[in-house]
Protein chains: 2
Amino acid sequence: MSTASDTPQRNTRQRRAVQSVMMDLEGFASAQQIHDILKQRGESVGLSTVYRNLQALADADLLDALRNDDGETLYRRCSSGHHHHLVCRSCGRTVEVEGPAVERWADLTAEKHGFRDVEHTLEIFGTCADCAS
Amino acid sequence: MSTASDTPQRNTRQRRAVQSVMMDLEGFASAQQIHDILKQRGESVGLSTVYRNLQALADADLLDALRNDDGETLYRRCSSGHHHHLVCRSCGRTVEVEGPAVERWADLTAEKHGFRDVEHTLEIFGTCADCAS
DNA sequence: TTTGGTGCAAAACCTTTGCATTAGG
DNA sequence: CCTAATGCAAAGGTTTTGCACCAAA
């Protein structure tokens, strides 16, 4: 459960560096990849700090996080609107998809069972056209 | 890539025990949980053996495997009837829900983007009636 | 000055692997 | 017999945590 109190209070060089990398990044990247990118940029940041910042950003809903099949957590900046991911299980390519009907179905189903404050997660996996050939 | 040669050749007590647990199990369980269940049943099996058997079974498409957010791999027998979970974030109570429309939407969306062999995961979270009061 | 943030190293975690031993066929 | 499968312990990988130090406000 993320509360407002999770929000970081200090504007450090490291936090800015991590956020900057995430702003530039198009797809998903692991904490270690982000750590490497920071090193390449000469903006070295401790690995634990990278982890802590990514977690904080994800808790604040500024980043999307998901697990790949190798057990790594991947992060990327999320676009504002609520959406879901279509992920290629072979090359990792992701497509953002929206399904208003699904949103409504999920909320309705939950309410039908007496649930409140409903959220949901949905991910679709498959083999993309490039990888299938 | 799994080939037919992955298929185990010997019928050991341990393999039978693991398969038996998976047959009885309704939902997903981690390797360690399955290991515990085996211990409780008095059919002790080494943890590595549990891992190896679960992997072999998943490679042979006899089990479904997925990663949870804690980085554990969860297994369950491939059930023909596919459903999703509605989980109370307070007490953990879960309700199984079905949504044929969602299934179709997910498959359709994926195919529209050129994806094949489509799977998806969907979980709905909320606060159940008992916990809301 | 105060105290959240950082960095390092160590720990915790799940999972895999090396190797001697067991047991299925 | 033969060798796949097992069990243990050690290693592998990612992520978390304890603690002394640093720096933002």
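Letters A, B, ... mirror the listed sequences (proteins, then strands); counts begin at 1.
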Q: Evaluate the ring planes of B/H84 and B/H120, with Trp represented by its six-membered ring, and classify them as parallel (under 30°), tilted (30 to 60°) or perpendicular (over 60°).
A: tilted
Q) Any side-chain N or O of B/Q14 less than 4.0 Å from the OP1 or OP2 oxygen of C/dT22? A) no
Q) How many Å lie between NE2 on B/H35 and P on C/dC13, as a whole number? A) 16 Å
Q) So, for A/A58 and A/Y75, which heavy atoms are closest and what is the spacing to 0.1 Å? A) CB-CE2, 4.1 Å
Q. Between A/R13 and B/L74, which is nearer to the 5' end of DNA chain C once each is assigned its nearest nucleotide?
A. A/R13
Enumerate all atom pairs, one protein N or O and one N or O from nucleotides 8-12 of chain C, separated by less than 3.5 Å.
unit_1: C/dC8; atom_1: N4; unit_2: A/S48; atom_2: OG; d: 3.1

Q. Think A/N11 has a side-chain N or O under 4.0 angstrom from the OP1 or OP2 of C/dG4?
A. no
Q: Find the distance A/I34:CD1 to D/dT14:P and express it as a whole number of Å.
A: 14 Å
Q) Would you say a side-chain N or O of A/Y51 is under 4.0 Å from OP1 or OP2 of D/dT15? A) yes
Q. In whole angstrom, what separates B/Q32's CD from C/dT16's C1'?
A. 13 Å
Q) Under a 4.5 Å cut-off applied to non-hydrogen side-chain atoms, are B/E103 and B/W105 in contact? A) no
Q. Could you state the CZ-P distance from B/R67 to D/dT15, rounded to the nearest angstrom?
A. 10 Å
Q. Could you state the CG-P distance from A/D70 to C/dC14, rounded to the nearest angstrom?
A. 18 Å
Q) Can you check the B/E72 CD to C/dT15 C1' distance for me, whole Å? A) 11 Å
(Q) Using the side-chain heavy atoms of A/R10, tell me which of these nucleotides is nearest: D/dA5, D/dA23, D/dT15. (A) D/dA23
**Q.** Residue A/T12, side-chain heavy atoms: nucleotide from D/dT6, C/dG5, C/dG7 that is nearest
**A.** C/dG5
Q: Could you check how far CZ of B/R16 sits from P of C/dA23, rounded to whole Å?
A: 13 Å
Q) For A/R67, what residues pass the salt bridge (Lys or Arg N to Asp or Glu O under 4.0 Å) criterion, not counting sequence neighbours? A) none
Q: Figure out the CG/C1' separation between B/N53 and D/dA5, and round it to whole Å.
A: 8 Å
(Q) Let's go through A/H85 and A/F28 carefully: what are the C-alpha distance in whole Å and the side-chain angles of both, what is the deciding distance for ring-ring contact (aromatic ring centres under 6.0 Å, His included) to 0.1 Å, and is it a yes or a no? (A) CA-CA 11 Å; A/H85 295 138; A/F28 283 98; 5.5 Å; yes
Q. Contact class for A/T73 vs. all strands (heavy atom < 4.0 Å): base, sugar-phosphate, or nothing?
A. sugar-phosphate
Q: Run through B/L74, B/L54, B/N53 and flag the one making a side-chain contact (heavy atoms from CB on, under 4.5 Å) with B/I34.
A: B/L54
When the side chains of residues 43-51 of chain B are checked against the rest of the protein, which donor-acceptor pairs come out under 3.5 Å, sequence neighbours left out?
unit_1: B/E43; atom_1: OE1; unit_2: B/R13; atom_2: NH1; d: 3.1
unit_1: B/Y51; atom_1: OH; unit_2: B/Q32; atom_2: NE2; d: 3.3

Q: Answer yes or no: does a side-chain N or O of B/Q55 lie under 4.0 Å from OP1 or OP2 of C/dT16?
A: yes
